[in-house]
2 protein chains.
Amino acid sequence: MPRVGLNQQTVVREAARLADEVGYQQLTLAALAGRLGVALPSLYKHVRGADALARKLSALATAELATELTTAAAGRAGGDALRAMADAYRDYARRHPGRYPATQQVPDPADPEHVVAGERAVGAIYAVLRGYGLTGDDAVDATRALRSALHGFVSLEAAGGFGLSREVDRSYHRLVAGMDLAFQSWPRARGTADQADQP
Amino acid sequence: MPRVGLNQQTVVREAARLADEVGYQQLTLAALAGRLGVALPSLYKHVRGADALARKLSALATAELATELTTAAAGRAGGDALRAMADAYRDYARRHPGRYPATQQVPDPADPEHVVAGERAVGAIYAVLRGYGLTGDDAVDATRALRSALHGFVSLEAAGGFGLSREVDRSYHRLVAGMDLAFQSWPRARGTADQADQP
DNA sequence: CCATAAAGCTAATCCCATTAGCCGCGATCG
DNA sequence: CGATCGCGGCTAATGGGATTAGCTTTATGG
C-alpha cells in the first residue's frame, strides 16, 4: 500500500494536535491512527504504545511551555516578569487544552529531552524568583508555590470549576498580584537547597 | 445464586475504598464488581454506568471534604482558620488519593446532594475569607485563588511533581503563609458578586 | 402460598490496546 | 540495471473493559 511516510516526530505532533481538539483523555491510538490515515497497529512502528506516546507528548508540550515561559520573562524582572510569565502560562493552557495536562506528567528519566524540558520550565520560574532576591530553599519553596497557584488556577478553569462567569481574568490577575506580594515579603530563612531537590 | 445485598450506597462506598487503594484512574467497573463478589453487569442494577459512578463518587468525596474543611475552620478565624483549613485539605487529599481527584469534577446539576456538597465546600472557604473582611467580588476572587493554590499544590504533590524531597511540608506552610499575607492586603475593589457566580 | 419486583446471572457486542507475523516498496550496493 | 533487504505498512488474533438484552431466582408482602 502507499507509504504515508510517518516517523516519531509526525506521530507525536499529530497526537498533540488531536489532543487539543478532542481532549487529553480522548486521545486514543485508534483516533490518532485514523487521523494519520493508517491502521492502528502501524503506529507501533513509531511509538512503543499508548504510555510511550503519552510520555513523548509530555516532552513535547513541556518543551513548548518552557520556551514560552522563558520568552515571556526575557527582558523583564520582578513583578513585570512574574505577570508576563503567568499570562504566558495560562495562555498556553488555554490555547492547548489537550497538551497542557500532558505537561503535568513527571519527566521520564530515560528521555533526556524530556528531562531537559522539565528543567527549563522549572528553571524559568526559578529565574523569575531570583529577581525577588530568593535563592536556595526559599526559592525552592517559592517555585513550588508559584507552580501550585498557576497550575491550580488553570486546571480548575479548564475543568469548568469557576462556573460561567466572565470575570475569570480579573480573578487570575488578582491571584498573581497576591503571589507577587507574597514573594516580596517571602520569609528569608535558610541557605542552600540540596542540588537533588526538585522544586 | 445467593444475593449479596448491594445497593447504591454500598457500591459507591466500595468504589471510594477501591479508588483509594488502586488510584482514581484504575477504578474500573470490572475491578469493583470483583471486589464486591458480583459479576460486572450486576452493577448496572445500582448505577447507570461508569460515568454515573464517577459522579456519585464525586458527590461522596466532595461531601466528605466539605465536612472536614468546615470542621477544621470551626471556632477559628483569620490566619488560624486558614491554616487549619489548608491542613485539613491536604490531609484529606493524602489520606484519600483516589477520592480526592473525584472532588474536582464539577457537581452534577441533576444531583441535589452533589450540588449541596459543592456549595458546602466552597462555602467553607468563603466563610474563612469573610474573616479577612472580604466580601462580594473580592471574596469570589480570593476563594478562587485559595482553591487554586491548595488544589495546585496537592495535585502536584500527588503526581510526584516535587521530587523526593522531604521538605514538602515546609513548602506547603509557606504557601499558606503567603496566601494569608495576600488576603490581609487583598485589594478591596468592588461590591457585590452576582449571585450566579460560582467562586 | 403465590405474585411480583428486584437482584443477580450469562451471552453478545463494541471499542481500544497489544502482539505476531506477513508483504511489498524503495533505497542501496554490486 | 537489477537483486537485496530493511522498514513501514497491513491483517488477524487476543484480551480487557463497558454496555445492553434478556433470563432466572430470590425475597417479600398481600
Side-chain angles (χ1 to χ4, degrees), chain A residues 1-61 97-99 101-102 105 108 110-111, chain B residues 1-61 97-99 101-102 105 108 110-111:
Chain A
M1 302 276 95
R3 300 234 169 158
V4 184
L6 300 182
N7 56 42
Q8 200 179 63
Q9 280 265 323
T10 57
V11 169
V12 174
R13 282 214 263 257
E14 191 63 34
R17 262 180 248 124
L18 180 56
D20 283 340
E21 286 178 30
V22 304
Y24 184 70
Q25 291 301 326
Q26 282 66 48
L27 173 61
T28 186
L29 290 186
L32 180 56
R35 176 71 81 91
L36 290 166
V38 126
L40 194 160
S42 305
L43 295 179
Y44 284 77
K45 297 290 172 162
H46 308 290
V47 292
R48 293 184 150 289
D51 286 359
L53 176 65
R55 283 193 295 270
K56 287 295 181 189
L57 176 58
S58 176
L60 170 71
R99 286 145 140 110
Q105 195 164 319
D108 173 11
D111 181 350
Chain B
M1 303 285 98
R3 300 232 170 158
V4 183
L6 299 181
N7 56 43
Q8 200 180 63
Q9 279 264 323
T10 56
V11 169
V12 174
R13 281 214 264 257
E14 190 62 34
R17 261 179 248 124
L18 180 56
D20 283 341
E21 286 177 31
V22 305
Y24 184 69
Q25 292 300 327
Q26 282 67 47
L27 173 60
T28 186
L29 290 185
L32 180 56
R35 176 71 81 92
L36 290 167
V38 126
L40 195 160
S42 305
L43 294 179
Y44 284 77
K45 298 290 173 169
H46 307 291
V47 292
R48 293 185 150 289
D51 286 359
L53 176 65
R55 282 193 295 271
K56 286 295 181 189
L57 177 57
S58 175
L60 170 72
R99 286 147 142 107
Q105 194 165 320
D108 173 11
D111 181 351

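Here is the naming used below: chain letters follow the sequence lines, and residue numbers restart at 1 for every chain. Treat the numbers as computed from the prediction; the structure is a model and nothing was measured.
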Of all heavy-atom pairs between [X] and [Y], which one has the smallest distance, and what is that distance?
{"X": "A:Y44", "Y": "A:G49", "value": "CE2-CA, 3.8 Å"}
{"X": "A:G98", "Y": "A:Y24", "value": "O-CD1, 3.4 Å"}
{"X": "B:V22", "Y": "B:Q26", "value": "O-OE1, 3.1 Å"}

Starting at [atom1] of [X] and ending at [atom2] of [N], how long is that distance when rounded to a whole Å?
{"X": "B:Y44", "N": "C:dC9", "atom1": "OH", "atom2": "C1'", "value": "15 Å"}
{"X": "B:K45", "N": "D:dT20", "atom1": "NZ", "atom2": "P", "value": "13 Å"}
{"X": "A:Q8", "N": "D:dG9", "atom1": "CD", "atom2": "P", "value": "13 Å"}

> Distance check: side-chain N/O of B:H46 vs OP1/OP2 of C:dG8, anything under 4.0 Å?
Replying inline: yes

Distance-only donor-acceptor hits, side chain of residues 32-42 of chain A, under 3.5 Å, sequence neighbours excluded:
| unit_1 | atom_1 | unit_2 | atom_2 | d |
| --- | --- | --- | --- | --- |
| A:R35 | NH1 | A:E14 | OE2 | 2.7 |
| A:R35 | NH2 | A:E21 | OE1 | 2.7 |
| A:R35 | NH2 | A:E21 | OE2 | 3.4 |
| A:S42 | OG | A:A39 | O | 3.2 |

>> How long is the straight-line distance from CZ of B:R99 back to CG of B:L27, given to the nearest 0.5 Å?
In response: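 Taking CG in B:L27 and CZ in B:R99, the distance rounds to 11.0 Å.
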
>> Closest approach to the side chain of A:L6, judged atom by atom: which nucleotide of D:dT20, D:dG9, D:dA12 is it?
In response: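 The answer is D:dG9, which lies nearest to the side chain.
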
>> Heavy atoms from C-beta onward define the side chain here; which of C:dG8, D:dG9, C:dA20 lies closest to that of B:S42?
In response: C:dG8

>> Counting only heavy atoms and a strict 4.0 angstrom limit, can you tell me which residues of residues 10-39 of chain A come near DNA chain C?
In response: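 Result for residues 10-39 of chain A: A:T28, A:L29, A:A30, sorted by number.
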
Report, one line per pair, each donor and acceptor closer than 3.5 Å where one atom sits in a side chain of residues 52-61 of chain B; sequence neighbours left out.
| unit_1 | atom_1 | unit_2 | atom_2 | d |
| --- | --- | --- | --- | --- |
| B:K56 | NZ | B:D111 | OD2 | 3.3 |
| B:S58 | OG | B:A102 | O | 2.8 |
| B:S58 | OG | B:H114 | NE2 | 2.9 |

>> Going by salt bridge (charged side-chain N to carboxylate O under 4.0 Å, His left out), name the pairs with one or both residues in residues 24-33 of chain A, residues two or more places apart or in two chains.
In response: none

>> Under the salt bridge (charged side-chain N to carboxylate O under 4.0 Å, His left out) definition, can you give me all pairs with a residue in residues 38-54 of chain A, not counting sequence neighbours?
In response: none

> Near DNA chain D, under 4.0 Å by heavy atom, which residues of residues 47-58 of chain A?
Replying inline: none

>> By nearest heavy atom, map B:P41 and B:N7 onto DNA chain C; which one lands nearer the 5' end?
In response: B:N7

> Touch check for B:L40, heavy atoms < 4.0 angstrom, all strands: base, sugar-phosphate only, or nothing?
Replying inline: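 Contact class for B:L40: base.
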
